[in-house]
Undergrad: 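The structure follows.
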Amino acid sequence: MMINLSLRELQVFIELAETLNFRRAAARVHLSQSAVSGVIGRLEETLGARLFARSTRSVQLTDAGQALMAHARILRAQAETAASAVRDVVELREGRVRIAALPSLAATVVPPVFARFMAAHPGVQLGVVDSLSGASFDLVRAGQVDFALTAENPAYADLAYETLASDPLVLLLPADHALATRRGPLRWAEVAGLPHISMPAPTSVRQYAEAALLSLGQRFAPRFEVEHLATINAMVAAGLGVSVLPALAAQVALGGPVVQRRLTAPDVERPIGQVMRQERSLSTAAAAVAAALRAELLHQLGRNAATPRAPARKKSSQAPRA
């Protein structure tokens, strides 16, 4: 037999069992005496047993009432514990958030956000996986992260992608290079013939560089291909070539006798967005982290950050693979 007891009914029963007085019990639960009597009557009808022996002079627990009382306090405590656990999550006292991010974002945008968030909400556990775009999408699809910050990838149209900002492409060049004396942007046509140090072909950075030069009728043929930003910076500093990188990646790589200049004509920017599974909302903690990361991303990109035309989540469409 299915018995449906509400927490409110149990609370009224407990107060009456402890006071053995309808007037005092009514005052504790903020009900009238007749309302308390009605709750107890419904409980007795539901359980099929008298819970209190009533007379004009006294109210006493029956054997059935004593049996219920032995468990009612436990049920109330369990309910309060469950409600407290929910409040802890909603109010960011507990929780767990795990994200994926491009290495350039994991090294620039994520650290200050995580530091501030952990200071404000020490009970929330945070985790980050620094990975390239394809791997980030795979982690979201597998449910191993709550969301990812990465470049757009049309191969994952089953996932929701929302553009947050655009990361402009810049050129790293040795500080003693002739073009380094120029303070303004450099044109792609001016740097196309220079020896380039590039990331491998599967990366979005490489594909955006190839697309920019293709628009000028030129083929991108880098002298060196390396994967790590520190290696790129060291090779540029040594005078082995120049390198095209998104501004945030250049911020990580930049160091030593290396300068950077914005690339124009064409103006190429790498869109950065948030990826999550379709039709799934973020937890309270994950949503708070996502909002903080978005604000930090826009702050670091400054005037180069582009506000998306369609702010609602959308499926991936046209963009180079990352």
Side-chain angles (χ1 to χ4, degrees), residues 102-108 131-134 150-155 163 165-273 300-306 317-322:
L102 290 172
S104 58
L105 300 178
T108 55
S131 60
L132 297 180
S133 179
T150 187
E152 191 173 9
N153 191 328
T163 301
S166 293
D167 196 0
L169 296 191
V170 300
L171 186 75
L172 296 189
L173 63 163
D176 59 358
H177 195 281
L179 290 177
T181 60
R182 299 260 298 274
R183 294 300 178 187
L186 299 175
R187 298 168 63 89
W188 281 91
E190 296 178 278
V191 305
L194 299 177
H196 280 258
I197 303 161
S198 174
M199 301 191 83
T203 62
S204 62
V205 178
R206 172 67 172 270
Q207 293 188 20
Y208 281 116
E210 290 176 345
L213 290 179
L214 184 61
S215 70
L216 300 177
Q218 300 191 47
R219 178 174 172 269
F220 184 55
R223 175 180 290 180
F224 298 101
E225 292 186 7
V226 296
E227 294 187 355
H228 299 290
L229 296 174
T231 306
I232 290 175
N233 183 78
M235 295 180 76
V236 171
L240 294 174
V242 299
S243 184
V244 175
L245 289 176
L248 286 175
Q251 182 178 324
V252 177
L254 200 59
V258 175
V259 299
Q260 69 177 51
R261 295 291 182 267
R262 175 73 185 271
L263 287 168
T264 62
D267 291 322
V268 180
E269 297 184 341
R270 178 182 65 168
I272 299 297
Q300 291 201 21
L301 287 174
R303 289 181 299 178
N304 292 322
S317 55
Q318 296 179 351
R321 289 191 308 109

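One-based numbering along the sequence shown.
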Undergrad: Is there a side-chain contact between Ser133 and Ser204 (heavy atoms, below 4.5 Å)?
TA: no
Undergrad: Restricting to side-chain hydrogen bond (donor to acceptor under 3.5 Å, both in side chains), what partner residues turn up for Gln251, sequence neighbours left out?
TA: none
Undergrad: Quick check: do Arg183 and Arg261 have side-chain heavy atoms less than 4.5 Å from each other?
TA: yes
Undergrad: For a side chain to side chain contact (heavy atoms under 4.5 Å, CB included) check, start with the C-alpha distance between Ile232 and Met199, then their side-chain angles and the critical distance, and finish with the verdict.
TA: CA-CA 8 Å; Ile232 290 175; Met199 301 191 83; 3.8 Å; yes
Undergrad: Rounded to the nearest 0.5 Å, what separates atom CG in Asn153 from atom CG in Leu132?
TA: 11.0 Å
Undergrad: Flag the pair Arg262 / Thr264 as yes when at least one side-chain heavy-atom distance between them is below 4.5 Å, and no otherwise.
TA: yes
Undergrad: Just to verify, what does Arg223 make a salt bridge (charged side-chain N to carboxylate O under 4.0 Å, His left out) with, not counting sequence neighbours?
TA: none
Undergrad: Side chains of Leu105 and Asp167: does their closest heavy-atom pair fall under 4.5 Å?
TA: no
Undergrad: Considering only heavy atoms from C-beta outward, does the side chain of Val259 approach that of Leu173 to under 4.5 Å?
TA: yes
Undergrad: Would you indicate whether the side-chain heavy atoms of Val268 and Leu263 approach each other to under 4.5 Å?
TA: no
Undergrad: Got a second to check how far Ile272's CD1 is from Ser104's OG, nearest 0.5 Å?
TA: 6.0 Å
Undergrad: Tell me every residue that passes side-chain hydrogen bond (donor to acceptor under 3.5 Å, both in side chains) with Arg206, counting only those two or more places apart in sequence or in another chain.
TA: Glu210, Glu225
